[in-house]
Amino acid sequence: MPANSLEQVRNLCMRRGFVFPGSAVYGGVASFWDYGPLGVELLNNIKKAWWQDTIYTRNDMEGLDAAVLMSRKVWQHSGHEATFGDVLIENRKNNRRHRLDHLLLDQDPKLLGELLERSAPTWDPSDPQIDNLAQFCGSWLRHHDGQDSKVGFSYGLESIQRIAQLIKKGNSPVTAANFVFLLTNLAVRKQLAVGVLNEVGIIDPTTGEVGDWLQPRRFMGMFVTHAGPVQADPGTEEELASRVYLRPETAQGIFMNFAHVQRAMARKVPFGVAQIGKAFRNEITPGNFIFRTREFEQMEIEFFIKPPQFVKEGEKNDQQWHEEWVEQRFKWWLRYATSPSATLEERDATASRFRARAQTPDELAHYAKATTDIEYLFPGSLGWGEIEGVANRTDFDLSAHSKDVPEEDLKRLKLEPNHDSTEKLDYFDPDAKARYIPWVIEPSAGATRAMLTFLCEAYHDEVVTEPTKQQIDQIKSDAAMIRKNAEKKIKEAQKEIAAGREAKHDPATVEAFLNLLDETVSRLPESLTEVLTALDHEGAQNLEPVKKFRPPTEKLVEDCTRTVLRLHPALAPVKLAVFPLKKNKPELVELAQAIKERFQRHFRVVYDDSAGIGRLYRRQDEIGTPFCITVDFESLEDGTVTVRERDSMEQERVKIDDLPAYLLPRLQGE
RNA sequence: GCGGGCGUAGCUCAAUGGCUAGAGCAUCUGCCUUCCAAGCAGACGGUUGUGGGUUCGAGUCCCAUCGCCCGCUCCA
């Protein structure tokens with residue numbers, strides 16, 4: 001059985017050097033994780049497997065590694081700047097979030113004037129944004145009234161009040177959009193009090209009623225930085241001129257290079273470009289270990305295909321390409337989630353934890369016609385989580401970045417003409433004898449999520465030494481004692497509740513715990529580890545006998561079980577471990593080290609002699625090392641060693657000279 | 001960001017507001033012909049997440065802050 005909680009995997013990762021909390025020396029920083037010695041091996045192996053499977057073993061793919069930082073225009077035209085940088089406001093009545101600017105534009109303009117008028121007295125004059133607003137108001141007034149610039153530019157509530165009055169009269173000197181922009185900015189700087197916002201009665205368009213609004217906040221999905229060492233004030237022209245974003249997806253780097261790759265490699269559509277790289281998103285709610293982080297790694301393919309109108313009979317259209325990619329990618333996940341030693345039942349069980357799910361129309365991103373998510377059933381409360389999205393992005397992106405796109409296409413894609421672009425990202429199809437902007441299918445996987453997926457699926461706590469009858473009886477009698485005590489507590493709690501007082505225990509959860517405990521205890525010995533997890537049930541909290549019962553059970557579980565990562569050998573961070581049976585015999589040590597050195601150029605192999613042989617095996621099991629080699633006294637005589645396989649724990653005597661032929665196919669998962 | 005829980009050695013956990021904060025495991029150093037945890041001896045390891053406060057005295061009580069976990073949001 002794979003991991004039954006993320007906590008187990010998290011623990012193993014931190015203990016054995018897969019993942020460490022970022023900036024730990026300074027107390028850590030949320031959502032950033034460092035990949036340790038084994039983590040980087042695992043992650044590299046995942047990326048290598050993906051790269052080989054998507055590029056080397058196909059005839060229609062090329063690789064790319066584009067810069068993380070790109071022109072800000074990329075993100076303006078891709079639509080990310082608009083959709084990733086919203087000021088949102090939440091309605092407490094129905095917990096719905098709205099973009100503040102959209103919400104304000106929906107309101108009666110008179111209400112905006114009132115909002116301005118009422119909130120003005122609460123402003124902090126030292127905030128530069130207020131000064132900014134005053135200046136804008138001044139210049140607008142000057143425009144409107146033809147007043148002398150001197151008056152208008154000076155800071156003062158008068159000009160703002162006057163603007164507010166004009167707006168209320170329906171005689172606004174500014175466009176609603178300009179005004180909303182300023183209000184939005186004020187709101188972000190907490191200069192638009194929630195009280196005032198609620199006083200004027202902002203209407204929630206979803207209900208048509210006045211909402212109960214929380215303080216608006218900016219949710220900037222993209223990380224902002226600046227190309228150039230000069231720092232400028234946020235929002236100023238100078239700042240905007242040097243502003244660049246850390247990419248929220250690697251895909252745009254591929255779109256930027258579509259024509260380069262096509263020309264340089266003389267490719268004909270259909271062909272694809274693959275890229276692995278870091279991406280950054282200022283997630284509203286990061287969490288669940290490395291599942292949702294603000295810095296993560298993507299493995300993305302943009303597969304360029306003919307637009308539907310050029311598809312000939314017998315050729316795949318966009319839907320068919322989409323389906324094929326979903327199928328290809330789904331197979332890939334199953335392949336690496338399964339250990340070659342898995343039984344048919346185990347393979348079925350693994351397959352049942354993966355699914356492909358078509359997104360509903362309201363889930364779709366702004367660029368997608370259709371998206372199928374590949375999801376994995378993560379342990380515990382995380383549940384089904386997306387590990388890859390296969391999207392049909394049509395010609396949205398290439399058109400968005402192209403100049404001179406025909407009007408009807410812009411209309412279809414809901415795009416504005418691009419006057420910044422210097423190129424049209426189209427392609428002359430010699431076969432169709434036509435020039436077109438290709439469509440694209442995008443299988444986009446999370447590399448760091450893949451790591452978590454494979455770890456969860458590979459994690460196994462196995463009972464390897466059966467506990468004695470005496471030990472099992474002990475557990476049974478302890479469990480009976482727990483039940484006796486807990487039932488007493490339940491009765492007490494029921495009395496308290498009947499008397500209208502607060503009870504220490506919730507009878508229903510305690511009862512649930514007892515049932516779980518009984519059920520697991522009844523299936524001993526194979527349910528040994530489950531008995532231990534049952535003790536973590538919330539109904540087990542504050543029960544004295546549980547506290548007593550826990551340590552000996554923990555000890556027993558530790559003694560009788562091994563933790564093994566049944567990783568696909570291609571992914572295993574360490575492929576081979578070599579031990580001398582006795583570390584105080586120099587001949588054994590020397591031979592073992594020589595074997596280690598023989599393989600170390602080809603894959604990651606470790607030498608270890610710092611514990612007894614049993615412990616050395618368990619250490620390697622825990623990190624998923626597929627094979628261990630032990631050098632013993634016999635080895636010195638006949639040149640054979642013991643090869644021990646991880647999953648079956650079976651041992652085979654192999655000649656040292658035959659090791660490469662023995663190991664290589666097995667390490668490839670054959 | 002809001003609500004709930006947690007934070008003591010590398011890990012798992014002890015310590016009625018009261019002596020120099022303990023134990024097991026792990027790690028390291030010796031000794032040992034032990035192939036699936038556990039042989040023996042010794043050593044290392046802590047400003048109790050951080051910063052304030054209450055107190056004669058704080059790991060323990062209060063406040064703030066940071067981090068993690070669980071819910072609400074999402075999408076690789």
Side-chain angles (χ1 to χ4, degrees), chain A residues 5-7 10-12 14-17 20-32 88 90 92 95-97 214-219 221 248-251 278-279 281 283-293 296-300 357 359 363-365 368 371 373-375 380-382 384-391 442-450 452-453 464-465 538 541 547 550-551 554-563 579-585 588 610-621 628 630-634 641-642 644 649-651:
Chain A
S5 78
L6 254 193
E7 201 47 37
R10 231 175 78 89
N11 260 328
L12 178 69
M14 302 224 236
R15 206 156 31 82
R16 296 306 309 270
F20 303 122
S23 309
V25 168
Y26 291 103
V29 51
S31 164
F32 295 95
L88 301 182
E90 198 170 336
R92 212 197 312 248
N95 278 326
R96 286 196 69 119
R97 285 205 179 111
L214 295 169
Q215 178 70 52
R217 283 192 308 262
R218 177 179 287 281
F219 287 75
E249 60 169 12
T250 61
K278 292 239 175 164
R281 291 181 193 176
E283 293 289 346
I284 300 170
T285 314
N288 282 316
F289 192 36
I290 55 170
F291 181 77
R292 177 169 289 118
T293 52
F296 61 102
E297 197 154 28
Q298 293 187 306
M299 306 187 290
E300 289 198 305
R357 192 184 63 85
Q359 284 190 3
E363 287 178 277
L364 290 175
T371 299
D373 286 341
I374 297 175
E375 299 181 327
S381 61
L382 182 46
W384 289 104
E386 187 193 349
I387 50 179
E388 176 157 2
V390 184
E442 177 198 78
S444 169
T448 33
R449 280 188 183 180
L452 187 63
T453 302
V464 282
T465 321
E538 58 175 323
Q541 305 287 311
K547 282 186 193 166
R550 212 196 152 85
E554 229 164 36
K555 177 100 174 56
L556 183 65
V557 167
E558 214 181 291
D559 293 354
C560 296
T561 62
R562 65 164 185 162
T563 299
F579 318 132
L581 187 60
K582 302 291 300 177
K583 69 171 162 180
N584 57 348
K585 291 291 164 221
L588 297 187
S610 62
I613 197 73
R615 185 173 295 283
L616 293 179
Y617 284 146
R618 297 253 168 129
R619 263 186 209 161
Q620 295 303 321
D621 288 342
C628 294
T630 301
V631 174
D632 57 17
F633 297 98
E634 221 178 306
V641 290
T642 305
R644 182 258 198 190
M649 297 194 284
E650 270 164 19
Q651 303 189 150

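Protein chains get the first letters and strands the later ones, always in sequence-line order, with residue 1 at the start of each. Note that the coordinates shown come from a computational prediction; the quantities given were computed from them, not determined experimentally. The figures here come from the full heavy-atom set of this structure, side chains too, leaving out hydrogens, waters and symmetry mates.
- Within 3.5 Å, a donor on the side chain of A:R644 pairs with an acceptor on the base of B:C36, or the reverse.
- Nearest nucleotide to the A:R618 side chain, out of B:C74, B:C36, B:U33: B:C36.
- B:A15 and B:A9 are spaced 15 Å apart, taking the P atom of each and rounding to whole Å.
- Here, B:G59 and B:G3 have their P atoms 29 Å apart, quoted to the whole Å.
- Note on A:F289: only backbone sugar-phosphate atoms sit closer than 4.0 angstrom, heavy atoms only; bases stay farther off.
- As a whole-Å value, the separation of A:Q298 CD from B:A76 C1' is 5 Å.
- Comparing B:C35, B:C69, B:A76 against the side chain of A:R10 picks out B:C69 as the nearest.
- Across all strands, A:T293 comes closer than 4.0 Å to base atoms (heavy-atom distances).
- Checking A:E442 against A:M14, the closest nucleotide of RNA chain B that is more toward the 5' end is the one next to A:M14.
- The interatomic distance linking A:F579 (CZ) with B:C35 (P) rounds to 14 Å, in whole Å.
- In this structure, the CG atom of A:L588 is 14 Å from the C1' atom of B:C32, given to the nearest Å.
- Formation of a donor-acceptor pair under 3.5 Å by the A:E386 side chain with backbone atoms of A:D373 is not found in this model.
- When each of B:U12, B:C35, B:C69 is scored by its nearest atom to the side-chain atoms of A:T642, the top-ranked nucleotide is B:C35.
- When distances run from any side-chain atom of A:T630 to the nucleotides B:C74, B:C35, B:U34, the shortest one goes to B:C35.
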Between N or O atoms, less than 3.5 Å apart, protein on one side and nucleotides 25-31 of chain B on the other: list the pairs.
unit_1	atom_1	unit_2	atom_2	d
B:A26	OP1	A:R615	NE	3.4
B:A26	OP1	A:R615	NH1	2.9
B:A26	OP1	A:R615	NH2	2.6
B:U27	OP1	A:R619	NH2	2.1

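- B:A38 sits 23 Å from B:A23 when the P atoms are compared, rounded to a whole Å.
- Within the 3.5 Å criterion, the main-chain N or O of A:Q651 finds no donor-acceptor partner in the side chain of A:R644.
- Atom CG in A:D632 sits 5.0 Å away from atom OG1 in A:T642 (nearest 0.5 Å).
- Taking atom C1' in both B:U33 and B:C13, one finds a spacing of 38 Å when rounded to whole Å.
- In this entry the distance linking CZ of A:R357 with C1' of B:A76 reads 14 Å, nearest Å.
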For this session: Decide side chain to side chain contact (heavy atoms under 4.5 Å, CB included) for A:E249 and A:R281; before the verdict, give the C-alpha distance in whole Å, the side-chain angles of both, and the deciding distance to 0.1 Å.
Result: CA-CA 8 Å; A:E249 60 169 12; A:R281 291 181 193 176; 4.1 Å; yes
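- Between A:S610 and A:R615 the shortest side-chain heavy-atom distance does not fall below 4.5 Å.
- Here A:I387 lies in heavy-atom contact (under 4.0 Å) with sugar-phosphate atoms only.
- At the phosphate of B:A76, OP1 or OP2 sits under 4.0 Å from a side-chain N or O atom of A:R281.
- Within the 4.5 Å cutoff, side-chain heavy atoms of A:R619 are placed close to those of A:R16.
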For this session: Return one dot-bracket line describing RNA chain B 5' to 3' (Watson-Crick or G-U wobble pairs, both distances under 3.5 Å; ( ) same strand, [ ] crossing, | another strand, . none).
Result: (((((((..((((....[...)))).(((((.......))))).....(((((..]....))))))))))))....
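- Atom name P, nucleotides B:G7 and B:U60: the rounded distance is 11 Å, in whole Å.
- Across all strands shown, A:Q651 has heavy atoms under 4.0 Å from base atoms, whether or not it also approaches the sugar-phosphate.
- Spacing between atom CG of A:L382 and atom P of B:G71 amounts to 9 Å, rounded to whole angstrom units.
- In this structure, A:G614 reaches the sugar-phosphate backbone alone: every heavy-atom distance under 4.0 Å involves primed, P, OP1 or OP2 atoms, never a base.
- Across B:A14 and B:U73, the matching P atoms stand 35 Å from one another, rounded to whole Å.
- Put simply, the side chain of A:I387 does not reach to within 4.5 Å of the side chain of A:L452, judged on heavy atoms.
- Closest to the side chain of A:M649, out of B:C69, B:C36, B:C35, is B:C36.
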For this session: Run the numbers on A:R562 and A:Y617 for side chain to side chain contact (heavy atoms under 4.5 Å, CB included), then give the verdict.
Result: CA-CA 10 Å; A:R562 65 164 185 162; A:Y617 284 146; over 6 Å; no
Write down the protein N/O and nucleotide N/O pairs, taken from nucleotides 43-46 of chain B, whose separation is under 3.5 Å; answer none if there are no such pairs.
none

For this session: Please report the C-alpha distance between A:K585 and A:F633 in whole Å, then the side-chain angles of each, then the deciding distance to 0.1 Å, and finally whether the side chain to side chain contact (heavy atoms under 4.5 Å, CB included) criterion is met.
Result: CA-CA 9 Å; A:K585 291 291 164 221; A:F633 297 98; 3.9 Å; yes
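- Taking atom C1' in both B:A41 and B:G52, one finds a spacing of 47 Å when rounded to whole Å.
- In this model, the phosphate group of B:C68 is not approached by any side-chain N or O of A:N288 to a distance below 4.0 Å at OP1 or OP2.
- Looking at heavy-atom distances under 4.0 Å, A:E386 makes contact with a base.
- Two residues, A:F296 and A:E650, neighbour RNA chain B, and the one matched to the more 5' nucleotide by heavy-atom proximity is A:E650.
- Scanning both residues, A:M14 and A:F20, for their nearest heavy atoms gives O-CE2, 3.7 Å.
- Per the geometry, NZ belonging to A:K582 stands 11 Å off C1' belonging to B:C35, to the nearest Å.
- Summarising the geometry, atom OG1 belonging to A:T453 is positioned 10.5 Å from atom CD belonging to A:E388; distances are rounded to the nearest 0.5 Å.
- Under the 3.5 Å distance criterion, the side-chain polar atoms of A:R10 are left unmatched by any main-chain donor or acceptor of A:N288.
- Nucleotide B:C35 holds its C1' atom 12 Å from the CD atom of A:E634, rounded to whole Å.
- Rounding to whole angstrom units, OH of residue A:Y617 and C1' of B:A38 are separated by 18 Å.
- To the nearest 0.5 Å, atom NZ of residue A:K278 and atom OG1 of residue A:T250 are 13.0 Å apart.
- Note: A:T563 OG1 to A:D621 CG = 9.0 Å, rounded to the nearest 0.5 Å.
- Remark: the separation of the C1' atoms in B:C61 and B:G18 is 15 Å, to the nearest Å.
- A glycosidic torsion no more than 90° from 0 defines the syn conformation, and B:U34 adopts it.
- Closest of all the heavy-atom pairs between A:I290 and A:T448 is CD1-O, 3.7 Å.
- Of all nucleotides listed (B:C11, B:C75, B:U33), B:C11 comes nearest to the side chain of A:R15.
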